[in-house]
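Working notes, structure below.
Numbers restart at 1 for each chain; the letters A, B, ... are given by sequence-line order, proteins then strands. Note that the coordinates shown come from a computational prediction; the quantities given were computed from them, not determined experimentally.
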Protein chains: 2
Amino acid sequence: MGGTQERDIRERFRRSGYTLTSQRKAVLEALGESRGHPSAEDVYLLVKKKNPRVALGTVYQALSVLEEIGVIGAKHWSESPTRYDLNVDPHLDIRCLGCGEVSEIPGVDLGDLEDRLRGATPYEVTRAAVVVEGLCPACRAAG
Amino acid sequence: MGGTQERDIRERFRRSGYTLTSQRKAVLEALGESRGHPSAEDVYLLVKKKNPRVALGTVYQALSVLEEIGVIGAKHWSESPTRYDLNVDPHLDIRCLGCGEVSEIPGVDLGDLEDRLRGATPYEVTRAAVVVEGLCPACRAAG
DNA sequence: TCGGTGACCAGTAATCGTTCCTATTCGCGA
DNA sequence: TCGCGAATAGGAACGATTACTGGTCACCGA
Ligand SMILES: [Mn+2]
Ligand SMILES: [Mn+2]
Ligand SMILES: [Zn+2]
Ligand SMILES: [Zn+2]
């Protein structure tokens with residue numbers, strides 16, 4: 001399931017040729033602590049608590065290689081910075097237009113959507129993502 | 001179908017309280033000329049050909065009200081500026097990762113996806129969009 | 001264990017798309 | 001025709017992200 005453990009992560013780094021530095025470890029740990037879908041800035045602030053010398057650019061670069069080697073996922077909404085996720089299994093996330101919180105939507109199957117896309121366009125389809133927005137219960141209550 | 005005509009547009013402006021200015025008309029015309037899915041910058045360059053005094057900010061503002069009153073549509077990809085579209089019917093568009101071209105994917109039905117989303121999250125679902133990326137035939141050939 | 005070397009990092013500047021600001025102009029309604 | 005709120009031009013500011021550069025570190029091999 002979701003929990004990619006230390007062993008696996010080291011292996012992914014080794015195979016990719018990237019090195020597992022303390023900064024990259026710290027970014028990964030911050031992502032675990034945040035228990036959600038933090039932005040690069042969120043991760044930066046968490047990492048800085050333990051090591052005040054890290055640079056924001058380093059966090060961006062770490063997130064980028066972690067995503068590239070498949071250890072974390074990244075999702076984009078139009079009115080928010082990119083959100084990162086330890087959950088790399090295919091799943092949907094919804095973002096609240098009120099407070100910006102992102103949560104997972106379990107149990108929705110897209111079926112053969114990608115296949116149908118491939119059949120309907122001469123393009124080679126690389127990626128299809130469903131971007132969902134709404135209002136969380138708290139923001140809905142607050143009107 | 002797609003072609004929202006002059007009459008309808010005037011009516012939408014009247015009801016919304018916005019005024020149909022020459023700049024807004026020009027933006028709409030540019031969108032018609034461009035025959036595609038131009039960015040704000042693309043629209044700006046087209047509008048400027050006929051009226052070199054328009055400001056880029058005005059184009060952004062015009063696009064925003066045109067979208068608000070339902071005359072045009074806007075779509076977002078993560079690695080591209082917002083693209084605008086005269087086609088306001090629900091449909092899918094794919095963006096080429098090579099050249100940035102956007103084209104429509106006809107005949108794909110999302111079925112009851114939105115309903116299933118609503119059933120699977122406590123959020124009030126406002127919007128669900130499918131973002132599709134790939135390689136156009138030309139870019140695929142150029143490999 | 002101890003360098004040597006190429007990858008990495010901190011700090012900062014730059015970029016890009018977009019929005020904001022303000023003085024001026026426009027255009028509709030009385 | 002006049003008055004006034006809405007819209008615009010021009011340019012500054014903004015937020016997210018990337019690029020650059022000189023110093024630093026991780027790791028492989030002797
Ligand atoms: Mn998630
Ligand atoms: Mn379209
Ligand atoms: Zn909320
Ligand atoms: Zn292409």
Q: Give a yes/no on whether any side-chain N or O of B:Y60 is located under 4.0 angstrom from OP1 or OP2 of C:dT18.
A: yes

Q) Closest nucleotide of DNA chain C for B:S39 versus for A:S22: which of these residues is on the 5' side? A) A:S22

Q: Please say whether more than 12 non-hydrogen atoms of neighbouring residues, nucleotides or ligands are located less than 6.0 Å from CZ in B:R140.
A: yes

**Q.** Atom pair distance, as rounded to whole Å: CG in A:L20 and P in D:dA26
**A.** 10 Å

(Q) Expressed as a whole number of angstroms, how long is the span from B:H76:NE2 to C:dC16:P? (A) 20 Å

Q. Roughly how far, to the nearest 0.5 Å, is CD of B:E68 from CZ of B:R12?
A. 12.0 Å

Q. Which one, D:dG10, D:dT17, C:dG11, comes nearest to the side chain of B:A55?
A. D:dG10

Q: Give a yes/no on whether any side-chain N or O of B:R53 is located under 4.0 angstrom from OP1 or OP2 of D:dG10.
A: yes

Q. How long is the line joining CG of B:D42 and C1' of C:dT18, in whole Å?
A. 15 Å

Q. D:dA7 phosphate, OP1 or OP2: any side-chain N/O from B:T19 under 4.0 angstrom?
A. yes

Q. Could you give the OH-to-P distance, from B:Y44 to D:dT8, as a whole number of Å?
A. 14 Å

Q. If you look at every strand shown and take non-hydrogen atoms under 4.0 Å, does A:T82 touch a base, only sugar-phosphate, or nothing?
A. sugar-phosphate

Q) Which value, rounded to the nearest 0.5 Å, describes the distance between A:D85 atom CG and A:I72 atom CD1? A) 9.0 Å

Q) What is the distance, rounded to the nearest whole Å, between atom CZ of A:R24 and atom C1' of C:dA10? A) 14 Å

Q. Are the charged groups of B:K49 and B:E33 less than 4.0 angstrom apart, N to O?
A. no

Q) For the pair made of CG in B:N51 and C1' in D:dA7, what is the distance, rounded to whole Å? A) 14 Å

Q. Reckon B:Q23 has a side-chain N or O less than 4.0 Å from the OP1 or OP2 of C:dC26?
A. no

Q | Interatomic distance, A:Y18 OH vs D:dC25 C1' [rounded to whole Å] | A | 18 Å

Q) Is a salt bridge present between B:E114 and B:R118, judged by a nitrogen-to-oxygen distance below 4.0 Å? A) yes

(Q) For a quick check of understanding: with a heavy-atom distance under 4.0 Å over all strands, which category does A:Q61 fall into, base, sugar-phosphate or nothing? (A) sugar-phosphate

Q: Measure the distance from CD on B:E67 to P on C:dT18 and round it to the nearest whole Å.
A: 12 Å

Q.
D:dC25, OP1 or OP2 - any side-chain N/O from A:T21 closer than 4.0 Å?
A. no

